[in-house]
Amino acid sequence: MQLQQILNDYQIKKDFKLNNRIVLAPLNIQSSLFDGSVSLNDILFHQQHAQKVGMDIVGSAYVSPSGNTDYGSVSAADDKKIPGLTKLAEAIHVSGGKAILQLVHAGRMTNGHITQGHEVVAPSAIKATHGYVDMPKELTTEEISDIIDEFAAATRRAIQAGFDGIELHGANTFLLQQFMSPLSNQRQDSFGGSLAKRMKFPIFLVNQVKAVAKQLADKPFIIGYRLSPEEIEAGGLTLKDNLMLAMVLKEIGIDYLSLSLRQYNQLPLTSDKLQSFAIPDIFRKAVGDLPLMVAGALSSQQNLEDAHADMLAVGSKLFMDPMWPEELVTGQSRLGAPITGGVPYSNVWPK
């Protein structure tokens with residue numbers, strides 16, 4: 001894709017158009033208040049970084065205290081957070097981008113300090129092999145239903161706050177991926193075992209948040225899903241399983257699929273037959289015309305043009321230089337120059 005096409009308007013679906021195809025990737029900048037309330041730093045960051053992108057995805061908003069992924073994360077876990085989230089969405093809109101709230105539950109990838117004493121839970125009582133994490137308690141079927149309701153409630157809050165959509169965080173070994181992975185999901189009930197059973201949680205969840213959006217959103221509202229294509233550990237989640245999930249997600253009606261990659265054109269590790277094909281190309285074959293977003297080391301014009309996707313999620317480069325999309329056109333770097341534009345600080349601080 002040529003730069004001109006990347007920087008032109010892009011229509012995700014009817015009545016939902018982006019100014020360009022560059023997306024601020026979901027970054028957890030860990031600048032929220034102790035209780036997860038939106039801070040002035042959150043607002044200033046997104047005010048500055050939404051100016052030249054088509055879409056700004058606010059990273060890692062946890063849907064319940066037990067699902068908090070890290071200190072300083074944004075909370076979408078109760079209605080008291082709506083005023084701050086509203087100001088955050090307003091700041092993004094005034095700066096020119098679409099505002100998407102990424103919703104997450106950490107599952108076993110957290111500990112009691114981060115959750116402020118709330119019990120760490122997971123599909124199975126299996127401790128993660130990396131990170132500062134606690135042994136989780138296995139969720140009951142009733143508790144699984146409760147978490148789905150928590151995602152639904154967080155979706156309602158995103159709608160009330162004025163966001164243009166949500167992204168379900170099914171990547172980076174958090175709860176949605178934990179249900180998909182044979183390493184973390186060894187349940188013996190209807191939510192574990194076969195691939196069809198392991199897919200039930202994400203399928204139920206997508207259907208529930210779609211129902212909330214259909215009922216409550218009074219403007220076009222999109223639902224995206226982010227996944228990590230595969231796990232490299234022996235016996236982990238394979239590319240084949242996630243391709244099946246992606247095809248099912250398309251059928252039940254997500255609006256875009258986002259691939260969390262280290263490198264935008266990386267090759268798969270869990271499929272001998274597909275080792276010579278880039279992962280985005282493989283998913284494109286699986287999901288057809290479903291809008292596809294990729295991330296991973298997109299740091300130059302050449303990278304952007306070489307990436308095979310409809311939307312390009314940029315993290316580190318935009319973190320360092322939010323004016324980068326404009327500089328691609330002018331050829332002149334503004335790195336280090338004062339950032340202007342956006343909305344006055346006095347209008348964005350949560351009241």
Side-chain angles (χ1 to χ4, degrees), residues 23-39 41-46 49-50 53 55-78 81-82 84-85 87-89 91-92 97-111 113-116 118 120-122 128 130-133 147 150-155 157-158 161 163-179 202 205 209 222-228 256-262 293 295-296 313-316 318-319:
V23 176
L24 179 62
L27 304 171
N28 187 353
I29 60 174
Q30 297 179 250
S31 64
S32 300
L33 302 182
F34 182 72
D35 67 347
S37 295
V38 170
S39 71
N41 284 337
D42 288 323
I43 289 176
L44 295 183
F45 177 86
H46 287 280
H49 287 76
V53 297
M55 193 159 75
D56 178 345
I57 305 176
V58 177
S60 300
Y62 57 91
V63 301
S64 66
S66 68
N68 190 357
T69 60
D70 214 334
Y71 300 108
S73 297
V74 174
S75 171
D78 62 78
K81 305 303 187 297
I82 294 175
L85 292 170
K87 295 296 183 182
L88 184 53
I92 294 170
K98 294 287 189 183
I100 308 298
L101 187 64
Q102 185 190 63
L103 301 180
V104 67
H105 192 294
R108 67 179 186 168
M109 297 305 300
T110 190
N111 60 67
H113 297 289
I114 293 171
T115 65
Q116 299 182 31
H118 292 269
V120 175
V121 296
H130 64 282
Y132 179 39
V133 298
I147 289 178
E150 289 168 347
F151 272 93
T155 301
R157 294 179 190 114
F163 280 86
D164 302 297
I166 61 161
E167 180 179 277
L168 297 172
H169 197 344
N172 303 353
T173 71
F174 293 131
L175 185 65
L176 280 160
Q177 184 173 329
Q178 290 164 34
F179 268 95
L205 178 53
V209 299
I222 65 171
I223 295 170
Y225 193 102
R226 191 176 207 219
L227 59 78
S228 296
Y256 72 85
L257 181 70
S258 175
L259 301 179
S260 179
L261 302 169
R262 297 181 305 279
M293 182 187 303
V314 180
S316 299
L318 284 172
F319 183 88

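Just so it is clear, the model here is predicted, and its values are computed rather than measured.
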[X] [atom1] to [Y] [atom2] distance, which is reported to the nearest 0.5 Å:
X: I29; Y: S73; atom1: CD1; atom2: OG; value: 10.5 Å
X: I114; Y: N68; atom1: CD1; atom2: CG; value: 6.5 Å
X: H46; Y: N41; atom1: NE2; atom2: CG; value: 11.0 Å
X: I92; Y: I57; atom1: CD1; atom2: CD1; value: 10.0 Å
X: E167; Y: I222; atom1: CD; atom2: CD1; value: 9.0 Å
X: R226; Y: M293; atom1: CZ; atom2: CE; value: 8.5 Å

Using modelled atom types and a 3.5 Å cut-off, is there a donor and acceptor pairing between side-chain atoms of [X] and backbone atoms of [Y]?
X: T115; Y: P65; answer: no
X: Q102; Y: A25; answer: no
X: D164; Y: A99; answer: yes
X: D42; Y: S39; answer: yes
X: Q178; Y: R108; answer: yes

- Message: Is it true that S60 and D70 share a donor-acceptor pair across their side chains at a distance under 3.5 Å?
- Response: no
- Message: For a 4.5 angstrom cut-off between non-hydrogen side-chain atoms, does V53 reach V314?
- Response: no
- Query: Yes or no on side chain to side chain contact (heavy atoms under 4.5 Å, CB included) for L227 and L259, after CA distance, side-chain angles and deciding distance?
  - Reply: CA-CA 5 Å; L227 59 78; L259 301 179; 3.7 Å; yes
If you look at every heavy atom in [X] and [Y], which pair is closest and at what distance?
X: L24; Y: F45; answer: CD2-CE2, 4.2 Å
X: L168; Y: F151; answer: CD2-CD2, 3.8 Å
X: S260; Y: A171; answer: CB-CB, 3.9 Å
X: I43; Y: L88; answer: CA-CD1, 4.1 Å
X: R157; Y: D78; answer: NE-C, 3.3 Å
X: Y62; Y: D35; answer: OH-O, 3.5 Å

- Task: Report the C-alpha separation of I166 and I223 in whole Å, then their side-chain angles, then the decisive distance to 0.1 Å, and conclude whether the side chain to side chain contact (heavy atoms under 4.5 Å, CB included) test is met.
- Result: CA-CA 5 Å; I166 61 161; I223 295 170; 4.1 Å; yes
- Query: For the side-chain hydrogen bond (donor to acceptor under 3.5 Å, both in side chains) test, which of E150, Q116, H118, H105 pairs with S66?
  - Reply: H105
- Message: Is there a side chain to side chain contact (heavy atoms under 4.5 Å, CB included) between H49 and L27? Walk through the geometry before answering.
- Response: CA-CA 11 Å; H49 287 76; L27 304 171; over 6 Å; no
- Do the rings of H169 and F174 sit parallel, tilted or perpendicular, given the 30° and 60° boundaries? perpendicular
